[in-house]
Student: 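Okay, here's the structure, questions in a sec.
Throughout, numbering of the chain's residues begins at 1 and tracks the sequence. Values below: all heavy atoms of this structure, side chains included; hydrogens, waters and symmetry mates excluded.
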Amino acid sequence: MSSESAPGKLLIALEPESASIYCKSLNSIGRTFADEALIESAFMVGSTYLLADLGGGTADITVHKVASTGRMKECHHATGGAWGGTYVDKEFINLLSSVFGKDVICKYEREYPGDWVDLVSKRFETSKRVISKTSMYVEFPLSFYEFLDKKGTSIGNCISCAKNFALKYVRGSLAITHDETLKLFKPVLDSIVSHLKLVITLVGGVDYIILVGGFATSELLQARIQSEFERQFNLRVIVPPASSLAVVMGAVLYGHDPSQIAARRALHSYGIEVNSPFDDQRDPLSSLYIDKKGRRKCSKRYSGFVTKNEEVEVGKKVKHTFYVSEDDQQSVFIPVFKTSTSAPRHTFDADRIASLTLSTPGFGEDRSLTVEMAFGETEVEVMAVDITSNETMKGGANLDFL
């Protein structure tokens, strides 16, 4: 745990890494399953695998390569999008709105919030995980029958009038044909497949795809990923046991041994803001200031330490040396920035994520200071040292890998 008296004790476990550690450790923790030999080969030295953490709200994609030491190195910074299982729920709600009327569905949700959650988040959620090749059945709550009855209609009447949809009313349940079910999943699955193909192309190919997360338990999703990648890309798709718990269980294992991660990729570029001689051709007037000696300076120049998607080994430290701007300057303010641009000239479009103020006693512009950033962990530590006085200031900032 982290506290004021014991800072730096909080260990942040990144979800894709945690899931990877869980999968890698399956054999050692005594879990047996059908693809045991397959997942063991996925974590052999030299193997490259794409791990897709498919949850309710988002899909988080990362690619790891197993180094010669057996530790994992990230091949491309984590990416993803809003392609989780809840977006299939939204398609189901749109279907209900088309069949029963949007106003009717909205009013039912307002008047029966508990039953509405039960219908969408429990009954439909359970049905969508196991998809038959005939129909998917969703049973309505009793309150929905009573609600429609007050409006002078029924579930059966509404479904029979929905000529544009392949639906039936069977023994108190909405029967959604397989083709209609595919339509509910299609927008989300199309987005996931498209992004996986893009990532595989960017990294130059992978050997395996591993699916984890709650949405990964969907048989329809598994079938689509297998059909798209096992034949076209000659990849093996693996769904480990208890895949919905992979992140949680892996985080525990990571806490016991964080050294299993050898390197990560920076999602952003990181640097600081410095003063540099003003260039009329390249620096905007808004950044111009005149120092005490009449020299024209640019106050918004960016000095980079790590660039976007650069491989960052755990524990890597980058150190740069700077000098004070004025003879009588007694302190230096050091703002730390992140940016999605690889090598920006200025900090205008960058986001400030931390800052340090360092005392610089003495006189003269020959006084130097070093700024060091320690990368590779789930946070970045920034340290500034005044060379003359040896005074040190430290600060931390969230280092985004997701």
Side-chain angles (χ1 to χ4, degrees), residues 15 53-60 80-132 134-192 195 212-222 224 243-245 247-248 402:
E15 292 188 1
D53 180 11
L54 308 173
T58 62
D60 299 312
W83 313 312
T86 55
Y87 291 88
V88 180
D89 299 349
K90 290 183 178 180
E91 293 297 323
F92 174 65
I93 294 170
N94 290 338
L95 175 64
L96 294 179
S97 297
S98 298
V99 173
F100 299 101
K102 186 174 182 179
D103 293 341
V104 171
I105 293 300
C106 289
K107 187 174 182 180
Y108 177 74
E109 181 182 1
R110 288 194 305 269
E111 295 185 5
Y112 299 89
D115 287 347
W116 172 256
V117 171
D118 177 60
L119 171 61
V120 177
S121 301
K122 293 183 180 180
R123 300 182 186 218
F124 177 69
E125 177 68 24
T126 300
S127 298
K128 78 180 184 184
R129 294 192 180 205
V130 183
I131 305 296
S132 70
T134 53
S135 295
M136 175 174 65
Y137 296 88
V138 182
E139 186 178 358
F140 289 102
L142 179 62
S143 61
F144 193 61
Y145 292 87
E146 298 171 348
F147 178 76
L148 291 182
D149 186 60
K150 293 177 182 178
K151 294 185 172 297
T153 187
S154 67
I155 295 175
N157 287 339
C158 292
I159 292 176
S160 63
C161 293
K163 302 298 184 182
N164 295 329
F165 303 95
L167 307 172
K168 291 181 180 180
Y169 181 56
V170 180
R171 296 187 297 276
S173 295
L174 172 65
I176 308 174
T177 64
H178 186 69
D179 288 342
E180 201 67 50
T181 301
L182 291 176
K183 294 179 184 178
L184 299 180
F185 279 77
K186 189 177 187 304
V188 173
L189 296 188
D190 284 351
S191 297
I192 293 174
H195 190 73
V212 300
F215 194 26
T217 62
S218 166
E219 294 180 359
L220 195 59
L221 179 143
Q222 294 174 18
R224 174 70 185 277
S243 60
S244 60
L245 299 176
V247 171
V248 175
L402 285 177

Student: Going through the distances and angles, do Glu125 and Arg129 end up as a salt bridge (charged side-chain N to carboxylate O under 4.0 Å, His left out)?
Tutor: CA-CA 7 Å; Glu125 177 68 24; Arg129 294 192 180 205; 3.1 Å; yes
Student: Look up atom NZ in Lys102 and atom CD1 in Ile105, then write down how far apart they are to the nearest 0.5 Å.
Tutor: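 If I round to the nearest 0.5 Å, the distance is 11.5 Å.
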Student: Tell me, please, which residues at least two apart from Ser121 pass side-chain contact (heavy atoms from CB on, under 4.5 Å).
Tutor: Val117
Student: Any idea which heavy atoms bring Asp115 and Ser143 closest together, and the distance?
Tutor: OD2-OG, 2.5 Å
Student: Compare all side-chain heavy atoms of Phe185 with those of Ile192 and state whether any distance is below 4.5 angstrom.
Tutor: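 In short, these two side chains do not touch, never coming nearer than 4.5 Å.
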Student: Flag the pair Leu119 / Val138 as yes when at least one side-chain heavy-atom distance between them is below 4.5 Å, and no otherwise.
Tutor: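 Answer yes - side chains close enough.
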Student: Suppose we screen for side-chain contact (heavy atoms from CB on, under 4.5 Å). Which residues come up paired with Ser191, at least two apart in sequence or across chains?
Tutor: Trp83
Student: Is a side-chain donor or acceptor of Thr177 paired with a backbone partner of Ala166 at a separation under 3.5 angstrom?
Tutor: yes
Student: Under the ring pair (Phe, Tyr, Trp, His ring centres under 6.0 Å) test, which residues partner Tyr87, sequence neighbours left out?
Tutor: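 Residues passing ring pair (Phe, Tyr, Trp, His ring centres under 6.0 Å) with Tyr87: none at all.
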Student: Find the distance between OG1 (Thr181) and NZ (Lys183) and round it off to the nearest 0.5 Å.
Tutor: 10.5 Å
Student: Roughly how far apart are Ile176 CD1 and Leu184 CG, rounded to 0.5 Å?
Tutor: 5.5 Å
Student: Can you name the nearest heavy-atom pair linking Ser98 to Phe165, along with the distance?
Tutor: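 Closest heavy-atom pair between Ser98 and Phe165: CB-CZ, 3.5 Å.
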Student: Do Val188 and Leu221 have side chains that get closer than 4.5 Å, going by heavy atoms?
Tutor: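 The answer is no, as the side chains (C-beta and beyond) never meet within the 4.5 Å cut-off.
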Student: For Val99 and Ala162, work out which heavy atoms get closest and say how close.
Tutor: CG2-CB, 4.0 Å
Student: So which atom in Ser218 and which in Lys128 form the shortest heavy-atom distance, rounded to 0.1 Å?
Tutor: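 Where Ser218 meets Lys128 most closely, the heavy atoms are OG-O, 3.8 Å.
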Student: Return the NZ to CD1 distance between Lys168 and Ile159, rounded to the nearest 0.5 Å.
Tutor: 11.5 Å
Student: If you compare all heavy atoms of Thr153 against all heavy atoms of Cys158, which two are closest, and at what distance to 0.1 Å?
Tutor: OG1-SG, 3.6 Å
Student: Go through the steps to decide whether Lys186 and Asp179 satisfy the test salt bridge (charged side-chain N to carboxylate O under 4.0 Å, His left out), and finish with yes or no.
Tutor: CA-CA 10 Å; Lys186 189 177 187 304; Asp179 288 342; over 6 Å; no
Student: Is the distance between the ring centroids of Phe144 and Phe100 under 6.0 Å?
Tutor: yes
Student: Return the minimal non-hydrogen interatomic distance between Tyr169 and Gly156, and the atom names on each side.
Tutor: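 Nearest pair, atom of Tyr169 first, then Gly156: CD2-CA, 3.8 Å.
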Student: Can you tell me how far CD1 of Ile155 sits from OH of Tyr145, rounded to the nearest 0.5 angstrom?
Tutor: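 Going from the OH atom of Tyr145 to the CD1 atom of Ile155 covers 4.0 Å.
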Student: Parallel, tilted or perpendicular: which one describes the rings of Phe92 and Phe124, with boundaries at 30° and 60°?
Tutor: parallel
Student: Once you round to the nearest 0.5 Å, how far does CD of Glu111 lie from CH2 of Trp116?
Tutor: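 Result: 13.0 Å between the selected atoms.
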Student: Would Asn157 and Leu148 satisfy side-chain contact (heavy atoms from CB on, under 4.5 Å), going step by step from the backbone distance to the final call?
Tutor: CA-CA 10 Å; Asn157 287 339; Leu148 291 182; over 6 Å; no
Student: Using only atom types and a distance under 3.5 Å, with no angle test, would you say the side chain of Thr86 pairs donor to acceptor with the backbone of Asp89?
Tutor: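 Not at all, since once roles are kept as given, no pair shorter than 3.5 Å links the two residues.
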